[in-house]
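See structure below.
All chains are named by letter (A, B, ...) in the order of the sequence lines, taking the proteins before the strands, and each is independently numbered beginning at 1.
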Amino acid sequence: MDLPKSYDPTALEPELYEWWEDNGFFHAEADDDGEPFAIVIPPPNVTGSLHIGHALDNTIQDVLVRRARMQGRNAVWLPGTDHAGIATQTVVERQLAEEGLTRHDLGREAFLERVWEWKAESGGTILGQLRRLGASCDWEREAFTFDDQRSAAVRKVFCDLHEEGLIYRGLRLINWDPKAATALSDIEVDHVEVKGSMTYMRYPAADGGEGVVVATTRPETMLGDTAVAVHPEDERYAHLIGRTVVVPFVDREIPVIADEHVDPEFGTGAVKVTPAHDPNDYEIGVRHDLPMIDVMTDDAAINANGGPYAGLDRFEARRQIQADLQTQGYLVRIEEHVHQVGHSSRTKVPIEPRLSDQWFVDVAPLADKAIAAVRDGRTTFVPQRNTKGFLDWLENLHDWCISRQLWWGHRIPAWYDADGGVHVFREDPTEAQIAELGLTHQDEDVLDTWFSSQLWPFVTLGWPEQTPEMATWFPTDVLVTGYDINTFWVSRMLMISTHLLGEVPFHTVLNHGLVRDAHGKKMSKSFGNVIDPLDLIATYGADALRYALLRAAPPGQDVPLAEEWVEGGRRFANKLWNVARLVIDRAGIGTPEGVSVDEGLPADADLRLEDRWILARLEAAQQVADAAYDANDIAPAARGMYHFIWDELADWYLELAKLRDDRASKQVLVTVLDAALRLLHPVMPFVTEQIWRSLHGLTPADTDVALMRSAWPGTLRGADPVAEQGFAVVQEVVTELRKLRAEYDIPPKQRITVSAVASGEVRAAMDAGQDGIQRLAGVDVLSFDSAAPDGLVGKVLAAGAELYVSLDGIVDLAEERARLERELADAQGEKRRAEGKLSNDSFVSKAPEAVVAAERQKVADWTEAIAKLTEQISEMDTAGG
RNA sequence: GGGCUCGUAGCUCAGUGGGAGAGCGCUCGCCUCACACGCGAGAGGUCGCUGGUUCAAAACCAGCCGGGCCCACCA
């Protein structure tokens, strides 16, 4: 039972985790007892490693699932990883580049083998790191978005939606990432403000007239212009509508058309229209049935349609065209212009809007169902304020481009015949089908990685099979994620689940914020302020990191994290450890005459004031913790337990318990510690489990019982306001005496003699807490009198009691007189303040009686105090002379 | 342009209608028989500004100032 003096998490934590996992404490079965509770992990990227954001996300999930287990619920946490198409492919391509190779050198099959090797090598890294954090996942249920079972589900969903007409292939304007050479969806594009230029250039009229001046930020797209548009009511250009102008360099004659979209106030009021390279222009092109000329290659150089500029990179082409406009007299002017430009969120290069054949999901019918689910409250957001933005986004969705020109991912199950006909197959086509339909090849593209992860909440439970797991745990309870992926992932899960299963995938979305550095700055490699959670765990322990993250993480708010907070977490763990050492030692756990936790509390009659007080404070802490956990707002629970254990249990109750050797105090000690460990366990699972084991006299050989599976505490004695008020008197008396000691520089070891004037409940409380007061304030003799004693005394007021401390031989007269003067001034100020309030008629007539009465009492108290201080000072003057 | 959010002690943040709090940092005193990863005592704040509601505002309302974030196809 000997616990070492300091808590060393680094050795204990991994051992404990292994013990939990090996003994099945994380595992749940669908037919286990208890109300079901399920969380699916946001699957981390297969080749990733644990960063601080994961640490926060998974700590929150772990807290929720651990508490649910302790509440007796049939709780499961489903773990797994995401194949993360583009991200993973990029990593492997980078490795190849170091060997001087590209994926094309290997070919598709060999490249994929290479990615699978990489997945096998590094795919489990992050899951091991989650274990180190303490994540109590049910590892027997680990899934991967690209394993056979999940792949089959993806294919089924693709085919189902295709059959319903909700997935289609079409020529649309999409976001093209020229570096990754793939299409992207709208939300994979970040709008970044850049300083660019606005080029004003003249397109001469086909009949030799002066034509029209247009303004553009992207002059190179002129190569694909197929119209100039003006506002229908713009008188300046009315004469040109229906006429034609000539695009320089490519000598194309294009019409001037009228379209409402054009803002006459902006630029020249005339817009060049490039339907193949701009979303607005595309819309105009569709409305007016304009030709759409793609002038770019896959890597965003000008293609053959660009005439003399073919082969130039898009930015070189821009500069060259500006120069040529100048030399050939088409240029009017170039202005500086700041505007938003779409960049690939993956490769960070400017995306190119481009006309392309891709696969799309018709999202409107799905979005309607998701919107309805959120409006009905079937799924709610924590914090609630995130709801509006989410709904706004869903209401303005464009169709989702799901095909990617990548190799790593779910390949689109579509085949083409020689005439360009498209055939979608639930099972790969047989030889016979290939021959019969004249199929030439399978679609080369793979699906957006989010297409598979949107199925995560139910494919992890075995869907599309009707498994017991689905029956028990679906819909899941809470999805924990940063607000930054509500659109990417949460929205898609909600849409597809309400559509395919007719149910929401989870009841609650708990959004947390981003982890930032100590000064609230975003962590980034370029700032050099990135904190590695694994380093922190190695130094301070997982419990310390968990505490540091949770204590400052209310829903939806960013979390500032500095190493000092983690250090604070370690100190807290160490404090708890030492509290436990003392409790276990005093209670004699494991000794024949010792008490055991199972004994429960002593009879009420055997409880002393401080016993009743600490039990009432435990009750209060429990209520704070429960309210916080129930609201999915863990921070107040973490802070509340810190406060209870440190400031109340350790600083007060333990100090008083040291004075006692009765069985009752020991029973209270172990009962309170046991409850505190349970309440804190979700936040700091390791240290609490370890202590709990000792407290219960268990060893690792007892493999069938653990704190993490024990019961969540209920009420012990309930509230006890009388004890709380009584003990508050003791606390105030002690604190005031300590202050006095500090003020007079009385050495810690010098005991003092105190004479108190007190009556009624205050006197009773001081009686009840007398030995405590003596010990904690270093009091030798505490006596009660009806008046101030003679001699040189220091005086303090505490909880309505007057305390006189003998100062003979301790301080000199002048100092004490000055002190009393200060006190008198304070008292007079306080009295004036209360009188001021009472002289306000509306306060007296409108404020609640109790509030007014309290003010009156204050006036009376301070009046009395002033009288006594005045008397004391004059006595001193007389005596001291 | 639209939406959200924050502004409280040197730093990071709790508090959300009845006399300003925590952690860290700082000062002073303590190796007190659980813990120096500790104990005790302090210093430090016009609670962004202005107005309003109220007997009473850090808290509720409005406006303003100053940060941050998200969304948006103005060429």
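Candidate nucleotides B:rC55, B:rC37, B:rA34 were compared by shortest atom distance to the side chain of A:Lys658, and B:rA34 ranks first. Distances from the side chain of A:Ala650 to the nucleotides B:rC4, B:rA34, B:rA75 place B:rA34 closest. The side chain of A:Asn574 has B:rC37 as its nearest neighbour among B:rG18, B:rC37, B:rA75. Listed candidates were B:rG18, B:rC74, B:rG25. Nearest to the side chain of A:Arg571 is B:rG25. The side chain of A:Pro560 sits closest to B:rC13 out of B:rA34, B:rC13, B:rU5. When distances are taken from the side chain of A:Lys575 to each of B:rA34, B:rC55, B:rU12, the shortest belongs to B:rA34. Checked against B:rA75, B:rA34, B:rG40, the side chain of A:Arg738 finds its nearest nucleotide in B:rG40. Closest to the side chain of A:Trp646, from the set B:rG38, B:rA75, B:rC11, is B:rG38.
Across every strand in view, B:rG66 sits in a pair with B:rC6 that passes the Watson-Crick or G-U test at under 3.5 angstrom. When both distances must be under 3.5 Å, the Watson-Crick or G-U wobble mate of B:rG29 is B:rC39. When Watson-Crick and G-U wobble pairs are counted only if both distances are under 3.5 Å, B:rC55 pairs with B:rG18. Partner assigned to B:rA34 is none, using Watson-Crick or G-U wobble distances below 3.5 angstrom.
Note: NZ (A:Lys388) to C1' (B:rC69) measures 16 Å, nearest angstrom. To the nearest angstrom, P of B:rG29 lies 22 Å from CG of A:Leu737. Here the P atom of nucleotide B:rC70 and the CD1 atom of A:Ile187 are 14 Å apart, to the nearest Å. For the pair A:Asn386 CG and B:rU5 P, the interatomic distance rounds to 9 Å; values are reported in whole Å. Atom CG of A:Asp392 is separated from atom C1' of B:rG1 by 14 Å (rounded to the nearest Å). Here the P atom of nucleotide B:rA36 and the NZ atom of A:Lys5 are 5 Å apart, to the nearest Å. Computed from coordinates, the A:Trp565 CH2 to B:rA22 C1' distance equals 11 Å when rounded to whole Å.
Taking 4.0 Å as the cut-off between side-chain N and carboxylate O, A:Arg775 and A:Glu655 count as a salt-bridged pair. At a threshold of 4.0 Å, the pair A:Asp661-A:Lys666 counts as salt-bridged, since one of the basic side-chain nitrogens sits closer than that to a carboxylate oxygen.
In this structure, A:Gly541 reaches neither bases nor backbone, as no heavy-atom distance under 4.0 Å exists between it and the strands shown. In this structure, A:Glu563 reaches neither bases nor backbone, as no heavy-atom distance under 4.0 Å exists between it and the strands shown. Counting any heavy atom pair closer than 4.0 Å across all strands shown, A:Arg581 reaches sugar-phosphate atoms only and no base atom. Contact annotation for A:Ala518: backbone-only contact, meaning every heavy-atom pair under 4.0 Å involves sugar-phosphate atoms and none involves a base. Within 4.0 Å (heavy atoms only), A:Gln340 reaches at least one base atom of the nucleic acid. Among the protein residues, A:Gln557 comes within range of the sugar-phosphate backbone only, with heavy atoms under 4.0 Å from sugar or phosphate atoms but none that close to a base. Among the heavy atoms of the strands, none lies under 4.0 Å from A:His643. Within the nucleic acid shown, A:Asp263 comes within 4.0 Å of at least one base atom, counting heavy atoms only. Across all strands, A:Arg639 comes closer than 4.0 Å only to sugar-phosphate atoms, never to a base (heavy-atom distances). Using a 4.0 Å heavy-atom distance criterion, A:Ala573 is classed as making no nucleic acid contact. Backbone-only contact: A:Asp651 has heavy atoms under 4.0 Å from sugar-phosphate atoms and none from a base.
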Do A:Arg287 and A:Glu260 pass the salt bridge (Lys or Arg N to Asp or Glu O under 4.0 Å) test, and can you show the C-alpha distance, the side-chain angles, and the key distance before you say yes or no?
CA-CA 11 Å; A:Arg287 281 198 287 275; A:Glu260 297 278 351; over 6 Å; no

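Tested against A:Val730, the residues A:Ile773, A:Leu776, A:Thr735 include a single side-chain contact (heavy atoms from CB on, under 4.5 Å) partner, A:Ile773.
Checked by atom type and distance alone, the side chain of A:Glu13 never pairs as donor or acceptor with a backbone atom of A:Thr10 at under 3.5 Å.
Between the side chains of A:Tyr203 and A:Asp225, a donor-acceptor pair is found at a separation under 3.5 Å.
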